[in-house]
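Letters A, B, ... mirror the listed sequences (proteins, then strands); counts begin at 1.
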Number of protein chains: 2
Amino acid sequence: MDVKTTCLGVLALGPASGYEIRKAFEEGPFSHFAEGGYGSIYPALTKLTKEGLIDGRKEEQAKRPDKNIYHITEAGRQKLVSSLETVQPAEDKIKSDLLFMLFFADFLPREHIAAAIDARIGWYREKLAHMRGCMETGAAHLSQPVAGAMCSGATSGPHIVRDFGIAVYQAALDFLEQERGAIVASAGTKPMTATGTAQDAAE
Amino acid sequence: MDVKTTCLGVLALGPASGYEIRKAFEEGPFSHFAEGGYGSIYPALTKLTKEGLIDGRKEEQAKRPDKNIYHITEAGRQKLVSSLETVQPAEDKIKSDLLFMLFFADFLPREHIAAAIDARIGWYREKLAHMRGCMETGAAHLSQPVAGAMCSGATSGPHIVRDFGIAVYQAALDFLEQERGAIVASAGTKPMTATGTAQDAAE
DNA sequence: GTCCGCATGTAAGTAGTTACATGATTCA
DNA sequence: TGAATCATGTAACTACTTACATGCGGAC
């Protein structure tokens, strides 16, 4: 999903500034599927404003820099709905760099493979602990009362996303924990630049 | 993983043309983590050649267009290994458009949510059937005997990738099948442009 | 007194997608 | 005869990342 659409999604829950949208991408349920730095968020907000999908209002703050608070417009809501309705079933391929590395496990140093798997197991455990620990509904970053009104408990979306993430990460973790021994055992048995590789066979 | 590195990975298994690399991305174990059309593969091969990581040889064919067969060089092998060693534990976030849509399930038409989930369930089932049915080792697309020599059975990488993919897709499928009823039941209960949404609350 | 958080934005560069351009063979 | 497969490449465009630029307030 492109940054413009994810910004629109955040703003559908309530008004927010560019900085707050960034936080929504880093923490909370949006962090499971959205990404983007300031370098993509701010230009996206400018474009969305020009297209009439959102509008911005300056808000002065005491002892803090001014904020540009963006609100979604009716056109923006319609655009979000139409974007959501055109989601295609494909394109949910696993694109994992770790998997790419494991494909070549036999050709890489055993210690390296072991360390990479352990690091990933740790990452999954932390991720899962964090996801199980927090029940935030998606609008935790939003200060406006409106967000709370819309997202408090009754809305099931955030819970689905959270539980889906937990299910998938748990499966990945289980796999790595179970297969770690076998993968490490066969790792490094065919070093790429030594005897017995395709390079030699071809010559 | 960028296209240059994935091309290098395919070529580490044996010589191939740009067209054959494309096929490797579409079918076989590479399809689980690699992507790229001709528009990215051919420029990548040109760059890799200039960097001395691969070299190309023209091969004439009867009744077929000429092929440019690329071979990985020793420098290319080393580069691939160093790329694989710098894989970071992060960045394996689930970035799913379906999940993004389900986050807003309560605000979208019930029939649409049901159809989208069913389509995805079908996609997962097909994907899993295909993955379970084929035991290809990653070099199925390569005509050279060397690929067979390198990848026949003894190499565990392709199997790990395949089994990891199966585990993760199965978890995602199980979740959708179990939660389908609940998700559809709460879908469409809060249409975005009608009464009771943030839009109204803000006004 | 130095680093972190709050806050907004631009500029340059990287990487990838989509469409275009060509042309023979083979199969239905 | 029309579509699919084999085969290579370029050009224009889109989208995103990284680094730069600025500046105040509060915590340690």
Side-chain angles (χ1 to χ4, degrees), chain A residues 1-8 10-11 15-27 33-51 54 56-70 83 88 90-91 93 95 97 100 141-143, chain B residues 1-8 10-11 15-27 33-51 54-70 83 88 90-91 93 95 97 100 140-143:
Chain A
M1 201 57 76
D2 60 36
V3 178
K4 269 166 66 181
T5 309
T6 46
C7 285
L8 216 47
V10 174
L11 294 175
S17 66
Y19 189 85
E20 287 166 337
I21 291 171
R22 176 78 218 280
K23 275 205 303 183
F25 287 175
E26 269 188 336
E27 306 151 26
F33 47 77
E35 270 189 324
Y38 298 123
S40 50
I41 292 169
Y42 287 115
L45 292 172
T46 307
K47 279 178 207 162
L48 288 168
T49 303
K50 277 180 193 160
E51 291 166 22
I54 60 174
R57 299 169 202 172
K58 266 251 148 57
E59 195 175 276
E60 280 169 44
Q61 295 187 117
K63 303 193 178 179
R64 287 261 167 257
D66 289 359
K67 273 182 179 183
N68 283 342
I69 304 288
Y70 293 94
S83 296
Q88 293 302 307
E91 310 317 318
K93 244 195 209 180
K95 274 169 256 167
D97 283 3
F100 185 75
H141 65 287
L142 302 166
S143 39
Chain B
M1 200 56 77
D2 59 37
V3 179
K4 269 165 67 180
T5 310
T6 45
C7 285
L8 216 47
V10 174
L11 294 176
S17 66
Y19 189 84
E20 287 166 337
I21 291 171
R22 175 79 218 279
K23 274 205 304 181
F25 287 176
E26 269 188 337
E27 307 151 26
F33 47 75
E35 270 189 325
Y38 298 123
S40 50
I41 292 169
Y42 287 115
L45 292 172
T46 306
K47 278 177 208 162
L48 288 168
T49 303
K50 276 179 193 160
E51 291 166 23
I54 60 174
D55 63 70
R57 300 170 201 172
K58 266 252 148 58
E59 196 176 276
E60 280 169 44
Q61 294 185 118
K63 305 192 177 182
R64 285 265 165 254
D66 289 359
K67 272 183 179 179
N68 283 342
I69 304 289
Y70 293 94
S83 296
Q88 294 303 307
E91 310 316 319
K93 244 194 207 178
K95 273 168 257 168
D97 283 3
F100 185 76
H141 65 287
L142 303 165
S143 40

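One axis for each end of the helix from C/dG1-D/dC28 to C/dA28-D/dT1, each built from five base pairs, and the angle between them comes to 40° at 10° resolution.
In terms of the side chain to side chain donor-acceptor pair (under 3.5 Å) criterion, B/Lys50 has no residue partners (sequence neighbours excluded). Applying the ring pair (Phe, Tyr, Trp, His ring centres under 6.0 Å) criterion to A/Phe33, with sequence neighbours excluded, gives A/Phe30, B/Phe100, B/Phe103. Residues meeting the side chain to side chain contact (heavy atoms under 4.5 Å, CB included) test with A/Gln61, sequence neighbours left out: A/Arg64, A/Lys67. Under the side chain to side chain donor-acceptor pair (under 3.5 Å) criterion, A/Asp2 pairs with A/Thr5, sequence neighbours left out. Scanning for ring pair (Phe, Tyr, Trp, His ring centres under 6.0 Å) contacts around B/Phe25 gives an empty result, with sequence neighbours left out. Annotation: side chain to side chain donor-acceptor pair (under 3.5 Å) contacts of A/Ser40 (sequence neighbours excluded): none.
One atom, CG of A/Leu45, and another, P of C/dA7, lie 15 Å apart when rounded to the nearest Å. Between the NZ atom of A/Lys67 and the C1' atom of C/dG5 there is a distance of 13 Å, given to the nearest Å.
Nucleotides of DNA chain D with any atom under 4.0 Å from a heavy atom of chain A span, from 5' to 3', D/dC16 to D/dG26.
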Give me the distances for all protein-to-nucleotides 10-17 of chain C N/O pairs that come in under 3.5 Å?
| residue | atom | partner | partner atom | Å |
| --- | --- | --- | --- | --- |
| C/dG16 | OP1 | B/Val3 | N | 3.4 |

Check your understanding: Once each nucleotide of nucleotides 22-27 of chain C is scored for protein heavy atoms under 4.0 Å, what B/S/- sequence comes out, 5' to 3'?
Key -> -B-SS-

